[in-house]
Amino acid sequence: MKTTRSRQIGEREMARGKTEMEVGSDGVAVITIINPPVNSLSIDVLFSLKESYEQALRRIDVKAIVVTGQNGKFSGGFDITAFDGIRGRMTVQPEIDVSVDIITDIFEGAKKPSVAAIDGLSLGGGLEIAMACHGRVCTSSAQFGLPELQLGLIPGFGGTQRLPRLVGLTKALEMMLLSKAIKGDEALTVGLVDAVVSPQELLKTARQWALDIVEVRRPWVKTLYRNDKIESLSDAREILKFARMQTKKQAANLSHPLVCIDVIEEGIVSGPRAGLQKEAKSFQKLLFSDTCKSLVNVFFAQRSSSKVPRVTDLGLMPRNIKKVAILGGGLMGSGIATALLLSRYTVILKEVNERFLQSGIGRVKANLHNRVKKGKMTKEKFDITISRLIGVLDYESFKDVDMVIEAVIENISLKQKIFADLERYCSPNCILASNTSTIDLSLIGEKTNSMDRIIGAHFFSPAHIMPLLEIVRTQKTSPQVIVDLLDVGKKIRKTPIVVGSCTGFAVNRMFFPYPQAALLLVDHGLDVYEIDHIVTKFGMPMGPFRLADLVGFGVAMATGMQYLENFPERCYKSLLIPILMDDKRAGEASSKGFYIYDNKRKPTPDPEIKKFVEKARTMAGTTSDPKLIKLTEKDIIEMVFFPVVNEACRVLDEGIAVKTSDLDIASIMGMGFPPYRGGIMFWAESLGTNYIYSRLVEWSKTYGDFFKPCSYLEQRAKRGISLSSSTIQVKSHL
Ligand SMILES: NC(=O)c1ccc[n+]([C@@H]2O[C@H](COP(=O)([O-])OP(=O)(O)OC[C@H]3O[C@@H](n4cnc5c(N)ncnc54)[C@H](O)[C@@H]3O)[C@@H](O)[C@H]2O)c1
Ligand SMILES: *[C@@H]1O[C@H](CO)[C@@H](O)[C@H](O)[C@H]1NC(C)=O
Ligand SMILES: *[C@@H]1O[C@H](CO)[C@@H](O)[C@H](O)[C@H]1NC(C)=O
Ligand SMILES: CC(=O)N[C@H]1CO[C@H](CO)[C@@H](O)[C@@H]1O
């Protein structure tokens, strides 16, 4: 990675992180990376590391070097917040290639040996520095990985060259292409480290190793030139060929994994120095790619989703939640119970009768069994986990629960009664959460005096697998309760977004126009399967029609009705699904929807669908529109997704969501929008507000108000400002 140093010495106190060096009487200089919380490698840290090395190399009382990180963490890798800075400074001279000039020539090429003492994280650039050392000692809980591909990049500090030389090609490819981390003991087995010791012994052992290298093992081996682990050229070619094939299958729209394979190959074919050079060049290019920018956006969006203005900035600490009660052991309830149990919560599951209770518990067991089958859980762990589940039929044991999550059938008077009961049986501090998808939370809490602790916890089905949690607050929900639920969300490994209450909340609300746009296009002459094909190619896990089959026509109609009730002026009402329902099609569950399903649930297009489409067109009075039939793939994608962007703007305007980045996360984790496009709003922004606005205006003239841009979008388009800009907005958020 080429970079320049912009800060002057006088600005030191502003520096992001540093290193410190301490020379012992044994002649070992211990250089410690200091940049909390994960000792990331900012530009300042890298240059300070270089200075410390140079000093150690100059001093005659120093015989050997140990590199380590402060507070039990080696280094979490390159500082991602510095990417923008590097992009901006690319043209400034002089350039220094960190990977070649510093890590390879100064650190690895030094006349004094260095040993990395690794505890905690050693990821990305952190691991790459450790690999350039002449020895590595770690603890068994240390974590090693090169996750750069998750950000649309490749390892940039020689990782593509050194990792294969330490652990062999197959293991190195697995760690890079799948961003798979390994722990200390495995690192020892595969040859990534030389010894595993206790945290107390770590520094002592590393010093000893460093001195041993000086005294006993001179001349020492540089990782970059090791050949004992790397496969023969012909074997390597076979392995790389297979990896390319797999990659093309699994990540059709991503080019950087293939670049990574090319760079590794260059090192094997033309030697590691050439490999380093190609790595540096490719890294620079990828840094400017849309994929990298998008994935970095997702990285930050995910981290900021748990930062909520005027909630998480009040200095509130999450309360300790240990015991959670769940009402209803249906599909949702059992999924939520599974997620909580997996994160060591004690779970009380309440049902209406013994039979339902047993089937609820059965579902939880089945979820956990699946993990055992997949090798993700041992039988012993299963027994311990399921022992924390307590099934009940009454509220007896609710006195000391910290949180209740209600997931019973959607019935207002039932839910009102339940919340009134909860108020009586639970402690006054207990959080009362509902997984309701449609009923207004204020209505649910109407018969209580507990609105400040009533909150929505909207999971996505299946709850133990889907990563998103919509936390729904009302005007009365207390910040403390939001902070508590954010903490639970994090502990059960969900990405939470905090939203206001409205029909569909943020995710389903902004995506309601998505199937409608697809149906509109079909009514006007496009083919069902072509739309699904194009949308899938764009990167969605499935097209809108395949999704409708999966959700089921019953559910699709019911939710469609809600939007029609709430937003009649901008709904497109196609008759196609009701017509299909008349033919006894209900979607995948009935083996027949837009597709036909075999007994393995494999979908096949149905030639008969034409007949129903014709009928729907006739009834709607639409005919095949010659203009539409000639649409390009790009047009079709835009006609399907711009209405989503438009609705997302309304969601922002109404204060349902507080940041565009939350909607990026919502689109990716709730709907499967491709992360390498950065999320729905990031993608929209990349096309330009004005472009989206003018296209919507154009379509609304032909196809009506379904496409009519909202005022939030219009105002920003006309002023040429970003969708996230709140300069116009004066409406108060929730
Ligand atoms: N699962 C989904 O994908 C999905 C989709 C749309 C909506 N929802 C919503 O999720 C909620 C639950 O959905 P589900 O699919 O799990 O429903 P479900 O019918 O499978 O399960 C509901 C369970 O709650 C139990 N129950 C009813 N009253 C109870 C009470 N007073 N105390 C304890 N248990 C009680 C029922 O016996 C039933 O087993 C509903 O509000 C529904 O609207 C879920
Ligand atoms: C995504 O991949 C498909 C092939 O699967 C290709 O046709 C399409 O152009 C790709 N899109 C982008 C933006 O790379
Ligand atoms: C809703 O719940 C109430 C109270 O339990 C019950 O009396 C009513 O029959 C239920 N309504 C429906 C439609 O299930
Ligand atoms: C009761 C409840 O919350 N229902 C919601 C729970 O989560 C599922 C999964 O999306 C939603 O579909 C339900 O609306």
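Count residues from 1 along the sequence. What you are looking at is a predicted structure, and each value in this text was computed from that prediction instead of being measured. Indexing begins at 1, ligand by ligand and atom by atom, following the structure's order. Hydrogens, waters and symmetry mates are skipped; everything else that's a heavy atom, side chains included, is used.
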Checking the side chain of D452 only, and the main-chain atoms of K476 only, is there a donor and an acceptor separated by less than 3.5 Å? no

Find all protein N or O atoms under 3.5 angstrom from an N or O atom of ligand 3 and list the pairs with distances, or write 'none'.
unit_1   : atom_1 : unit_2 : atom_2 : d
ligand 3 : 2 (O)  : N411   : OD1    : 3.3
ligand 3 : 2 (O)  : N411   : ND2    : 2.4
ligand 3 : 11 (N) : N411   : ND2    : 2.7
ligand 3 : 14 (O) : N411   : ND2    : 3.3

Non-neighbouring partners of S442 that pass side chain to side chain donor-acceptor pair (under 3.5 Å), sequence neighbours left out: D440

Pair N508, Y563: side-chain N/O donor-acceptor within cut-off below 3.5 Å: no

If you look only at pairs with a residue in residues 400-429, which of them pass as a ring pair (Phe, Tyr, Trp, His ring centres under 6.0 Å), with sequence neighbours excluded? Y395-Y425

Only pairs at least two apart or in different chains count here, so list each ring pair (Phe, Tyr, Trp, His ring centres under 6.0 Å) that has a residue in residues 301-334. none

What distance separates I455 CD1 from T477 OG1, expressed to the nearest 0.5 Å? 5.5 Å

